[in-house]
Amino acid sequence: MLKFKIFIFFLCPLSVLSQQLKGKIYDQETTVKGATIFNTSRSIITHTDDDGYFNIEASVNDTIIFYSLFHKQQTLELKKAHFTDVLVIELKKTVNDLEEVVITNNPKEKEFVAELHNKNFKTQIQNDRKTNPHLYEPAPSGGIDFIKIAGLIGKLFKSKKVKSTPIITAKYNELDSLFSNDSFFTHKLLTNELKIPEVYKPLFFDYCDAQNINRNLLLKENRFLLLDQLNTCSKGFLAMISESKE
């Protein structure tokens, strides 16, 4: 009998390590489609469906953040009661004034030279191949031509149009520094949630550079908006990688 009790004692903690938190998000008017649910304790992200429902792996004491572009962020520390029924979250609408601070008239803004950037990036990849040749060995699935991908990304830069009121955008070195020093944007988040393999990290940052991400999103108060933007970029980048292998 004692052995059975000991077995139950060790089994119970395991049963709460991986539960599914089910919920629904709405605002004052209707359900919220595409809202982001981020489990900061486990670095897991999901989004609500067309009806506002979501399902995410979590456990008691995990911290969950709910946010949307047009709603105020809400944080919740999970209790046991949150798993007994469908969790209902109400987000309050807010005015998105981000563009008021990121659009600027700057006569000294330098015109982007796509050819120069593409040439520098290719040189960077070639130098990295010499320093870390093991990172560029063909993958089991057939590998990838990094120079070819660099050329594709270069075309994205060529498609940029210079506007009369240019938006200051996040650059390669800023994104690289962010994921090297920030406690939120970590390599674990990059590989586990954004699904970017370590070997593709330089290419991914350069791809993001070409997507005109507002530099203001690098501010701490905008980190969840940046996370959504990077999530979108990762899907486009991985699709490009997949196509290049075909």
Side-chain angles (χ1 to χ4, degrees), residues 8-102 170 175 178-196 208 213-235:
I8 295 297
F9 175 79
F10 284 104
L11 182 62
C12 288
L14 294 176
S15 66
V16 298
L17 289 178
S18 180
Q19 300 184 67
Q20 291 297 315
L21 178 69
K22 299 180 180 180
K24 184 174 185 178
I25 298 179
Y26 69 99
D27 57 22
Q28 299 94 316
E29 300 176 357
T30 184
T31 55
V32 181
K33 171 185 175 182
T36 301
I37 301 90
F38 181 51
N39 185 333
T40 62
S41 303
R42 296 169 176 255
S43 295
I44 300 174
I45 306 169
T46 191
H47 299 83
T48 53
D49 60 19
D50 291 346
D51 298 316
Y53 286 100
F54 69 87
N55 190 5
I56 189 170
E57 183 180 336
S59 63
V60 175
N61 297 325
D62 280 1
T63 299
I64 308 294
I65 295 178
F66 308 88
Y67 61 97
S68 173
L69 182 61
F70 302 106
H71 298 83
K72 291 184 179 180
Q73 175 184 311
Q74 187 174 149
T75 302
L76 177 66
E77 183 176 331
L78 296 179
K79 306 299 181 184
K80 187 175 181 180
H82 293 137
F83 294 89
T84 60
D85 203 349
V86 175
L87 178 67
V88 178
I89 298 294
E90 180 182 2
L91 295 181
K92 295 183 178 180
K93 286 189 174 183
T94 183
V95 177
N96 178 26
D97 57 358
L98 179 62
E99 291 187 342
E100 294 182 6
V101 293
V102 299
L175 293 169
L178 178 69
F179 276 89
S180 297
N181 303 299
D182 193 79
S183 59
F184 180 83
F185 290 100
T186 62
H187 290 288
K188 180 180 179 181
L189 178 69
L190 186 69
T191 56
N192 291 359
E193 289 305 318
L194 298 180
K195 309 300 182 185
I196 304 299
C208 292
I213 298 176
N214 290 330
R215 182 181 290 173
N216 236 51
L217 293 182
L218 298 176
L219 298 176
K220 188 174 183 179
E221 59 265 29
N222 294 327
R223 62 182 182 176
F224 296 114
L225 296 177
L226 176 59
L227 182 60
D228 272 345
Q229 185 72 53
L230 291 175
N231 186 53
T232 299
C233 287
S234 69
K235 293 177 181 178

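The first residue of the sequence shown is numbered 1, and numbering continues consecutively from there. Scope of the values below: all heavy atoms of this structure, side chains included, with no hydrogens, waters or symmetry mates.
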Side-chain polar contacts of residues 73-80 - donor-acceptor pairs under 3.5 angstrom, sequence neighbours left out - could you list them?
{"from": "Q74", "atom 1": "NE2", "to": "E90", "atom 2": "O", "distance (Å)": "2.8"}

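H47 approaches G34 most closely through the heavy-atom pair CD2-O, 3.9 Å. Closest heavy-atom contact between K24 and F54: N-CE2, 3.6 Å. The two atoms that bring S59 and R42 nearest to each other are OG-NH2, 3.1 Å, heavy atoms only. Listed here is the closest heavy atom pair of V32 and A35: CG1-CB, 3.7 Å. Considering all non-hydrogen atoms of both residues, F185 and D182 come closest at N-OD2, 2.9 Å. Taking every heavy atom of both residues into account, I196 and T191 meet most closely at O-CG2, 3.3 Å.
Among residues two or more places apart in sequence or in another chain, the salt bridge (Lys or Arg N to Asp or Glu O under 4.0 Å) test is passed with K72 by none. For D50, the salt bridge (Lys or Arg N to Asp or Glu O under 4.0 Å) partners are K33, not counting sequence neighbours.
We find the CG-CZ distance between L226 and R223 to be 11.0 Å, quoted to the nearest 0.5 Å. How far CG of L91 is from OG of S68: 7.0 Å, rounded to the nearest 0.5 Å. Here OG of S180 is found 10.0 Å from CG of L190. Values are rounded to the nearest 0.5 Å. Taking CD from E221 and CG from L219, the interatomic distance works out to 4.5 Å, rounded to the nearest 0.5 Å. Residue I44 holds its CD1 atom at 9.0 Å from CG of N192, rounded to the nearest 0.5 Å. Interatomic distance, CG of N214 versus CG of N222, reported as 9.0 Å (0.5 Å rounding).
The backbone N or O of T63 sits less than 3.5 Å from a side-chain atom of T40, completing a donor-acceptor pair. Side-chain atoms of D49 come within 3.5 Å of backbone N or O of Y53 as a donor-acceptor pair. The backbone N or O of N231 lies less than 3.5 Å from a partner atom in the side chain of S234, making a donor-acceptor pair.
Contact check for I45 versus L227: side-chain heavy atoms found under the 4.5 Å cut-off. Side chains of L21 and N55 form no contact here, defined as non-hydrogen atoms less than 4.5 Å apart. Side-chain contact check for L218 versus L175: some heavy-atom pair is nearer than 4.5 Å. Put simply, the side chain of L230 does not reach to within 4.5 Å of the side chain of L189, judged on heavy atoms.
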**Report entry** Test ring pair (Phe, Tyr, Trp, His ring centres under 6.0 Å) applied to F224 and F66, step by step
**Finding:** CA-CA 10 Å; F224 296 114; F66 308 88; over 10 Å; no
Query raised in the report: Given Q20 and I56, is the side chain to side chain contact (heavy atoms under 4.5 Å, CB included) satisfied, shown in steps?
Result: CA-CA 6 Å; Q20 291 297 315; I56 189 170; 5.7 Å; no
Query raised in the report: For D27 and H71, what are the C-alpha separation, side-chain angles and deciding distance, and is it a side chain to side chain contact (heavy atoms under 4.5 Å, CB included)?
Result: CA-CA 8 Å; D27 57 22; H71 298 83; 2.9 Å; yes
Report task. Any chance you could lay out the side chain to side chain contact (heavy atoms under 4.5 Å, CB included) test for F70 and K93, step after step, and finish with the verdict? Result -> CA-CA 6 Å; F70 302 106; K93 286 189 174 183; 5.8 Å; no
Query raised in the report: Please walk me through it: do I213 and C233 pass side chain to side chain contact (heavy atoms under 4.5 Å, CB included)?
Result: CA-CA 10 Å; I213 298 176; C233 287; 4.0 Å; yes
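Here F184 and F38 bring their ring centres to under 6.0 angstrom of each other.
A side chain to side chain contact (heavy atoms under 4.5 Å, CB included) with I25 is found for one member of I37, T36, V88 and no other, namely I37.
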